[in-house]
Amino acid sequence: MPSFQTSPGTRDILPPHAGRWRALTDVFADTVQSAGYECIIPPMFEDLGVFLRLGEATDVVTKEMYDFVDKGDRHIALRPEQTAGVCRAFAQHRPVTPWKVWYSGPNFRYEKPQAGRYRQFDQVGVEVLGSDDALLDAEVISLAWQFFARLGLAKVELVVNSLGDAPERGAYIDALRAHFESRRGELSEESAATLARNPLRVLDSKRPADAAAVASAPRISSFLSAESASHFAAVLAGLDALGVPYRVNEMLVRGLDYYRRTTFEFVSLSLDGAQNAVGGGGRYDGLVEDLGGPATGGVGFAIGVDRTLLACDAEGVFGTGAVGIDAFVVDVTDGMAALRLTEDLRAAGYTADRAFDGRSMKSQMKAADRSGASFAVIVGADEAAAATCTVRDLSSSEQVTVPQSGLVAHLAATLGTRTPRRNPR
RNA sequence: GUGGGUAUAGCUCAGCCCGGUUAGAGCGCCAGGUUGUGGCCCUGGAGGUCGGGGGUUCAAGUCCCCUUACUCACCCCA
């Protein structure tokens, strides 16, 4: 056993897996940047108070916060998600609205790790601040939908709901509390405990014992104001217009208290585990105001990178093969030719690698094969004496000897020219 | 925070129940077979304080206790 290992709930993302993470982020960035979203990089830690706005009753705040006191006696927390930080940034800098941003990066929650759940976990997401337009909600949702589609995921279901604006939400919570209190005896022990903290959360209990009480609970739809109802109808109409399939589920309650009106969640039907939500979001009007800014509408979503990749594995999509390089230079003389030729190839825009430590030709050829290179460029004693090199096509095994000075031109004839990275020597 | 499972080579795992010479396999890695050529094949090699600590015993990878880590589930969430 090595002296040190990764801390609980963290892990090394090694190659080639790390390349797949980058590829996923690239797909996401391309998707949302096509819609005018710009990248934002908020800090990974902030004043604890920023995150307390996520809700006093949420587990994220009460028991999962990764917090500490720094050397300046500031009470700091590693961000458990990015929405609050983005809203804090909005309140601090007051950008022109609507402010459309996207992000990618790690978040931290002090939880017990299990499949698809880590203490440090990555999310990609978007936030839009400064608009109440229901069709913006539809755009935001459809961007996430398009992202999953571009990865090749087919078994992802979109679930939507409206929790109403603050007053309706409050009235609904009161009604729920009254309902469940009157049936407290029917509830499971866990749900009875949850009821005291947050009646909304009892709604999405999956315990069979709670089924009857949940089924007879009041529905949010009968509490919605005319404005909230028409907002929700417009969101659904927008999704219809875009051809995004969805299922309305009035039991959909999301974990953070700041959601108002639109809420949604993406569930992977190919993940059987408990962690099958690959993304979620909603509208959070009022959060900016809570953080000391002006009253500002906001909507966004976050997608879990780990779980999305788990879903890709389950569906057998978005596999990223080894990247392979253009050429691998094999040099069985003193290595100087390989040193120069790889540099020349790279300068000309090709990807090139070589072997070190003066290994045998057989060994270097094995390395060339393993590198996934299209060509091996071989320099033995004969080539070195004649200032030539033998270019071997590693898939067809055909090879031809060309002058070293003509190597780049020779590759250009088969691989095409590349954009030079720097001036050739 | 609560409960179950696991821990032996770089990786995946046998061996443990029923304690007994130098702890194994496959894959991977290195080398040779082919002194100038990869994949397939053959041969060989390197690589282990059997997670850590304590106990029982003539003897512990194997039995007992403690501990740590990992893992799965609950809770909750991405």
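Lettering follows sequence order; numbering is per chain, from 1.
Partners of A:Arg74 under the side chain to side chain donor-acceptor pair (under 3.5 Å) rule, at least two apart in sequence or in another chain, are A:Asp70. Remark: A:Glu157 pairs with A:Arg247 by the salt bridge (charged side-chain N to carboxylate O under 4.0 Å, His left out) rule, at least two apart or across chains. Every residue meeting the salt bridge (charged side-chain N to carboxylate O under 4.0 Å, His left out) condition with A:Glu265, not counting sequence neighbours, appears here in chain and number order: A:Arg254.
Looking at which nucleotide of RNA chain B each of A:Gln123 and A:Ala115 is closest to, the 5′-most match is held by A:Ala115. Nucleotides of RNA chain B nearest to A:Ser7 and A:Val305 differ in position, and the one nearer the 5' end is that of A:Ser7.
Using atom P as the reference point in both B:C11 and B:C29, the two lie 15 Å apart (nearest Å). Going from the P atom of B:A9 to that of B:G47 covers 15 Å, rounded to whole Å. For B:U6 and B:G51, the C1' atoms lie 11 Å apart once the distance is rounded to whole Å.
Between A:Phe90 and A:Trp99, the angle of the ring planes lies from 30° to 60°, which puts this pair in the tilted group.
Counting distance only, with no hydrogens placed and no angle test, the side-chain atoms of A:Glu383 and the base atoms of B:G36 include a donor-acceptor pair under 3.5 Å. Taking only distance into account, the side chain of A:Lys362 never meets the base of B:U34 through a donor-acceptor pair shorter than 3.5 Å. On a pure distance criterion of 3.5 Å, no polar donor-acceptor pair joins the side chain of A:Arg109 and the base of B:C76. No N or O donor and acceptor, one from the side chain of A:Glu265 and one from the base of B:A78, sit under 3.5 Å apart.
Pairs of residues two or more places apart, or lying in two chains, never qualify as ring pair (Phe, Tyr, Trp, His ring centres under 6.0 Å) while including a residue from residues 333-392 of chain A.
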Under 3.5 Å donor-acceptor pairs involving side-chain atoms of residues 405-414 of chain A, not counting sequence neighbours:
residue: A:Thr414; atom: OG1; partner: A:Leu411; partner atom: O; Å: 3.2

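Taking 4.0 angstrom as the limit, A:Arg370 places a side-chain polar atom (N or O) nearer than this to OP1 or OP2 of B:C29. The phosphate of B:A31 (OP1 or OP2) has a side-chain N or O of A:Arg359 nearer than 4.0 angstrom.
You'll find that the side chain of A:Arg117 is closest to B:C75, out of B:C75, B:G38, B:G1. Closest contact between the side chain of A:Ser363 and the listed nucleotides B:A31, B:C29, B:A78 involves B:A31.
With rounding to whole Å, A:Glu64 atom CD is found 13 Å from B:C74 atom C1'. Atom CD of A:Gln114 and atom P of B:A78 are 14 Å apart (whole Å). Remark: C1' of B:U71 and CG of A:Leu310 are 14 Å apart, rounded to the nearest angstrom. Atom CG in A:Leu271 sits about 11 Å away from atom C1' in B:A78, given to the nearest Å.
Less than 4.0 Å separates RNA chain B from at least one heavy atom of each of the following residues of residues 397-412 of chain A: A:Ser397, A:Gln399.
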